[in-house]
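In what follows, every chain begins at residue 1, and chains take the letters A, B, ... in the order their sequences are listed. Scope of the values below: all heavy atoms of this structure, side chains included, with no hydrogens, waters or symmetry mates.
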Amino acid sequence: MSSDHTVIEVKDLQFAWPQQTPLFDHFNFTIQVNQKTYIAGPSGSGKSTLLNLLAGVLDAPHGEIWVNGHAFHQLSGPQRDQIRGEEMGFIFQQFNLIPYLSTLENILLPLNLFPKRKAAALKDFASIKEAGMYLMTRLSLPFSIVDQPSHQLSVGQQQRVAAARAFIGNPQIVIADEPCSALDWENQSHFMQLFLELGESQKTNLLMVSHDERLAPFFNQRIDLPKRGIDQ
Amino acid sequence: MMYWIKLAIQSALSRKASLLIIVFSTAISVTILLAAFKIRDDTKTSFTNAISGVDLVVGNKASPTELILHSIFHIGRPTSLVPGSAIKEIESISQVKWLVPIQLGDSYRSYPVIGTTTDFFQQIRAQNKALAFSSGNSFGGGNHHEVVLGANVARQFKHQLSDKITLSHGSGIGPAQDHTDTPFTIAGILESNGTPIDNSILISTQSFNSLHDGSDGKVLFAQLSNSQYSAFFLGLNQRSAVFSVRRQIDSLKSPPLMAVMPGVALDDLWKTLEVAENALLLVSVGVVLTSILGIAAALLISLESRRRELATLRVVGVKPLQILFSIILESLLIVTAGIILAWIFLQALVFIFSDWLMKEWGILSTVGPPTANDLIGLLMILIAALICSIIPGIKAYRLALHDGLNPPNI
């Protein structure tokens, strides 16, 4: 059972894709409250699989996964989906936004799907639109793109819109998967700065997966995944 | 729920070109089905309301269908004629309020001539409406040789009031059978009413008899002697007496007569046309089903290019079952849009072609709200769409489970 100060706890995790060598063999790690965690690993080390397990999209066949006090290993898929929607935010490198929704509609998507998250946003703002606009300001997104279809935005803008969507409604955990590898270094550091500032101001637990070592210093905990499987 | 509907609409609108084609093809196929329903219903209504206000049709004992076909639709020939003496017998029945005699057998350029009385214009209703004159009025009583034309006859031959026409005996084929020495003057033209009356020429029974019994100076044909009738239309004091009066007429011995309730007989007659009706509906249903399967196929094909969109929805916590639901919802919305468009198309078609339908086919068709049959048909279409959309829905569900947070780069 995870303690009150634990946000994510992975215990004795074993996972292998069919007819493949195990990706995780008795894998353990813990992320405490207010830690900013950097998960590093080369291609094929199981970063995406780990994210799918932490998000509750994949079921852990052996071992325990505790997320924000919820025993993911004991919950059904739909129950994990519900927790992911209510308590977690995600930013990905390649796909993030629903192409037919506008910038603001993409940001407000979790609030419109999960009443609990909407209620959290409405604690601090008069309307969900105001909450979305606030995050746009924090992430240096111009209001002129509010109604613009997301596919018309630049890559950098899309990443920041995805960040706004991840942070809206104060989720306890935000997980980013190589969120800025498509950007040049200047924009990457700018994005990282905004990402970390937002995490700190909202007291969100941040977890980022990347293979770019230059980003590691932004975080105060590091978990390394070896090329095949994990030995920690 | 409202948010899911909004999402489904936005998703569909994001593929405008294909959406437009799908909605349009659905609308056309649903229009075909609705038009089939409407033509069937309106034809049936026009058929069964070909004559109204008549409680019983009386003729010589024969087949009720033959009597109805001959006396109302002027199709076929009567097996025998009813002597005029029958009128007294029938009028002696206390429940009989009025009697209108019908004489058939002559024609004008292949349109049937009806010998009757002026009561015909007061008592007989067509499509549940009283007969009305577009110009002129009823023929005069007695031997005036005046004629009233049905709307189609007047239109077909561009006749106007006071024009003189010559009637023919029988079907009117061959000049030797024309009543050339007895021209008739057009006294009135009836408004179109979508019944066989539109295609009729009405004259008085006296005029009709005079053509055949020589009272105008010549005996042309002996087949119809004075005061012989093809049928009688009866109105009763109370409709509830219809069975009693029918029994009384059926029991008459001299002459032996038969009374038929026109509503029942017309309904029986309509049932014989059910095969054609069902064939029409079957083809229409096939067209609609093909269209709905087209929607399912289009959604199925589009799913490959939507895997990132599905993965993004999964990222924000959407469950695979909700994704399945959203695909079904999208399909239902497309079909609903098609149905609404189809309804507008149908109303426009009815508005444009109602006059033509009335003039050419005698079908009274009006713009109006959907009938119970329409609503059942539309509900069946939605259910079919629901069932068909489960196929792409399940595919989306499987993709959502399989891809998780790692959709392929498309």
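The minimum heavy-atom distance linking A:Glu105 with B:Lys6 is given by the pair OE2-NZ, 3.6 Å.
With a 4.5 Å cut-off on side-chain heavy atoms, A:Arg84 and B:Val318 do not count as touching. At least one side-chain heavy atom of B:Tyr3 sits under 4.5 Å from a side-chain heavy atom of A:Leu109. With a 4.5 Å cut-off on side-chain heavy atoms, B:Val316 and A:Leu113 count as touching.
With chain A as the partner, the residue from B:Ser14, B:Pro320, B:Ser11 showing the most heavy-atom pairs under 4.5 Å is B:Ser11. Ranked by heavy-atom pairs shorter than 4.5 Å toward chain B, the options A:Thr49, A:Leu101, A:Leu51 are led by A:Leu101. Taking chain B as the reference chain and counting heavy-atom pairs below 4.5 Å, the highest number among A:Ser48, A:Ala55, A:Gly89 is found for A:Ser48.
Distance alone, capped at 3.5 Å, places no donor-acceptor pair between the B:Arg308 side chain and the A:Ile98 backbone.
Summarising the geometry, atom CG belonging to B:Leu7 is positioned 8.0 Å from atom CG belonging to A:Asn112; distances are rounded to the nearest 0.5 Å. Summarising the geometry, atom NZ belonging to B:Lys319 is positioned 12.0 Å from atom CZ belonging to A:Arg80; distances are rounded to the nearest 0.5 Å. Atom CD of B:Glu309 sits about 3.5 Å away from atom OH of A:Tyr100, to the nearest 0.5 Å.
Counting non-hydrogen atoms of neighbouring residues, nucleotides and ligands closer than 6.0 angstrom, the CZ atom of A:Phe143 exceeds 12 such neighbours.
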